[in-house]
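The structure under discussion appears below in the form of structure tokens.
Every chain is numbered from 1 and lettered A, B, ... according to where its sequence line falls, protein lines coming before strand lines. Side chains included, hydrogens not; waters and symmetry mates left out as well; all remaining heavy atoms used. Just so you know, these numbers come straight off a predicted model, no measurement behind them.
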2 protein chains.
Amino acid sequence: MPNQVLDKRQAARVNIGESLGMKGSRKVVNITRLRQACRTCSLVELCLPMGLTSDDIQQLESIVKVKGPLEKGAHLFREGDSFQAIFAVRTGALKTYSLDADGREHVLGFHLPGELLGFDAIYPRYNRCSAMALADTSVCVLPFNQLADLAQKVSGLQATILRLMSKNLSISANLATDHTAEERLAGFLLSIAQRTGEGSELRLVMPRRDIASYLRLATETVSRLLARFQQEELLEVHRKRVRLIDLDGLRDLGGSFEIADRTRQRSGYQ
Amino acid sequence: MPNQVLDKRQAARVNIGESLGMKGSRKVVNITRLRQACRTCSLVELCLPMGLTSDDIQQLESIVKVKGPLEKGAHLFREGDSFQAIFAVRTGALKTYSLDADGREHVLGFHLPGELLGFDAIYPRYNRCSAMALADTSVCVLPFNQLADLAQKVSGLQATILRLMSKNLSISANLATDHTAEERLAGFLLSIAQRTGEGSELRLVMPRRDIASYLRLATETVSRLLARFQQEELLEVHRKRVRLIDLDGLRDLGGSFEIADRTRQRSGYQ
DNA sequence: CCATGAAGTTGATCCATGTCAACACCAATA
DNA sequence: TATTGGTGTTGACATGGATCAACTTCATGG
């Protein structure tokens with residue numbers, strides 16, 4: 001079973017290990033880990049897309065482990081945990097969030113297959129947010145110390161990490177800037193469409209509450225806006241299913257949160 | 001004149017080169033550049049604070065150049081410029097901003113002495129924002145390719161860069177989360193106080209308009225809130241001069257944008 | 001020293017979005 | 001199939017902060 005070829009659909013069916021963390025349990029999930037075969041993984045060009053040679057990737061492989069599946073609602077890590085690793089999502093999806101002084105949850109980002117998370121914990125050396133699975137999810141684990149050591153040797157890897165972190169900076173800066181509710185939601189939908197690569201038919205893994213929290217809106221506002229977008233024939237919604245009809249119309253609204261790059265690439269975070 | 005000892009006050013008086021870019025001019029400023037003596041610069045522990053040996057710093061010195069002074073209102077770089085270097089502020093201050101589709105300015109960050117800027121341009125390979133001097137300003141230039149090559153050799157430098165970028169991630173994520181006007185302004189004031197190290201007497205280099213834009217508020221709201229804070233005896237304001245009186249009171253409001261670190265450190269961005 | 005314009009303040013009003021409340025829908029389970 | 005609880009939708013109302021407008025203060029140059 002190790003070193004097998006995995007594409008998104010296959011991986012979704014992989015079921016290693018026994019039952020895992022339960023919803024909301026504080027218990028840290030202990031899971032069977034496999035060596036990962038990055039060379040044959042269909043996600044490499046997503047998670048570490050920037051010009052690694054197959055030799056570089058082989059070296060990377062030696063430090064990467066697979067972890068999962070994580071049940072929907074289980075935590076990958078918690079706010080305050082000491083920082084150990086960067087994670088790459090293989091299947092499923094995660095949200096990262098933190099709790100404010102009043103105990104209210106603020107969603108900081110969504111992490112879809114091929115995307116990395118955990119970079120914000122490097123500096124303070126502990127996780128500044130929690131990460132919870134939005135569906136059954138498996139991830140690759142990249143132990144940070146080993147990753148950093150490897151990046152010291154493999155210049156392509158160092159460059160890749162710097163670019164990914166830089167990209168994440170742009171994404172949060174963009175979200176931080178001032179936009180109306182309409183603009184943020186349109187931008188969000190476009191970004192999800194772009195990241196899932198599903199074209200215009202998309203499935204929102206996360207509940208309205210999380211979308212709202214991420215976009216700093218009330219769930220009711222998200223609901224109403226989706227209804228309005230539908231009425232204006234920009235899209236069709238039914239619960240988690242969304243079909244984007246008028247992409248240009250949405251782009252006009254949202255300016256889209258996409259980040260133009262002068263090289264051709266795809267991947268992301270949040 | 002090169003390799004002189006510079007502390008903040010001395011450096012502020014250094015006046016190399018002739019007249020520079022005029023307010024708002026599109027022309028790129030061409031300025032005399034000096035080699036920088038990082039070893040004797042009082043800002044090293046601010047701009048690159050994380051455990052570099054004096055040998056590491058000497059290597060760094062070989063690629064760093066000083067640029068300035070930049071007149072108030074002059075640009076260090078413009079949105080769309082190709083990415084060449086990371087900058088460290090020596091004296092003065094900068095704001096980074098971008099223009100939206102309607103030509104309105106959005107301030108993305110303020111950059112005070114000892115802080116670095118430019119990391120967000122690594123990924124897309126061009127500047128995603130413009131940087132303008134808020135006062136007469138001089139900076140150190142760290143050519144990125146050389147910096148990356150050096151980080152490949154000097155592991156302490158790679159680690160430092162990763163941590164700084166990670167920290168910036170946390171900062172923008174924090175700003176992106178939902179806060180009331182009151183919370184954001186209180187947090188902002190505390191962050192400025194912390195970063196300037198001036199204690200409770202601080203001088204806001206940036207005009208109200210820029211503070212408002214950064215915090216996604218109207219200038220009138222900033223004005224009114226400052227008036228209210230003063231009335232509630234949290235602080236005293238007179239134009240650009242602010243004296244923080246009740247730090248704890250402000251922290252209660254703002255939660256402060258500070259980022260706790262498990263090592264002892266100071267420095268930042270934005 | 002005054003004139004001028006930019007920066008900041010203050011007041012009156014408006015509106016986008018939040019909040020509260022009731023209801024509808026769907027998925028899971030018995 | 002009926003029950004139930006979570007998730008999503010819709011309506012009525014409240015409000016924080018934006019907008020518009022008038023005025024004050026300060027810095028600057030003639």
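- Residue-level contact check: B:Arg209 touches the backbone only, with heavy atoms under 4.0 Å from sugar-phosphate atoms and none from bases.
- Rounded to whole Å, atom P of C:dG18 lies 12 Å from atom CG of A:Leu185.
- A straight line from CG of A:Leu204 to C1' of D:dT9 spans 15 Å, rounded to a whole angstrom.
- Residue A:Lys240 places none of its side-chain N or O atoms closer than 4.0 Å to OP1 or OP2 of D:dT7.
- Here D:dG17 presents its C1' atom at 10 Å from CZ of B:Arg184, a figure rounded to the nearest Å.
- In this structure, of D:dT19, C:dG8, C:dT19, it is C:dT19 that holds the atom nearest to the side chain of A:Ala218.
- Within residues 219-238 of chain B, the residues approached by DNA chain D to less than 4.0 Å at the level of any non-hydrogen atom are B:Glu220, B:Thr221, B:Arg224, B:His238, in residue-number order.
- Between B:Val107 and B:Thr96 there is no side-chain heavy-atom pair separated by less than 4.5 Å.
- Contact check for B:Val139 versus B:Leu94: side-chain heavy atoms found under the 4.5 Å cut-off.
- Counting only distance, with no hydrogens or angles, the side chain of B:Thr219 and the backbone of B:Arg208 share no donor-acceptor pair below 3.5 Å.
- Between A:Arg216 atom CZ and C:dT19 atom C1' there is a gap of 19 Å when expressed in whole angstrom units.
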>> B:Asp210 vs B:Phe110, test: side-chain contact (heavy atoms from CB on, under 4.5 Å). Steps then yes/no.
In response: CA-CA 9 Å; B:Asp210 288 343; B:Phe110 298 110; 3.9 Å; yes
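- Across the protein-nucleic acid pair, B:Lys72 atom NZ and D:dA27 atom P stand 11 Å apart, rounded to whole Å.
- A straight line from CD of A:Glu182 to P of C:dA16 spans 10 Å, rounded to a whole angstrom.
- Distance, B:His179 NE2 to D:dG17 P: 13 Å, rounded to whole Å.
- Aromatic ring centroids of A:Tyr214 and A:Tyr97 lie 6.0 Å or more apart.
- Of the candidates C:dC26, D:dT25, D:dG17, D:dG17 carries the atom nearest the B:Ala181 side chain, counting heavy atoms from C-beta on.
- Taking the side chain to side chain donor-acceptor pair (under 3.5 Å) definition, one finds that B:Glu220 meets it with nothing, sequence neighbours left out.
- Taking atom CZ of residue B:Arg208 and atom P of nucleotide D:dA27, one finds them 13 Å apart after rounding to whole Å.
- Residues B:Ile171 and B:Leu169 fail the side-chain proximity criterion, which asks for heavy atoms closer than 4.5 Å.
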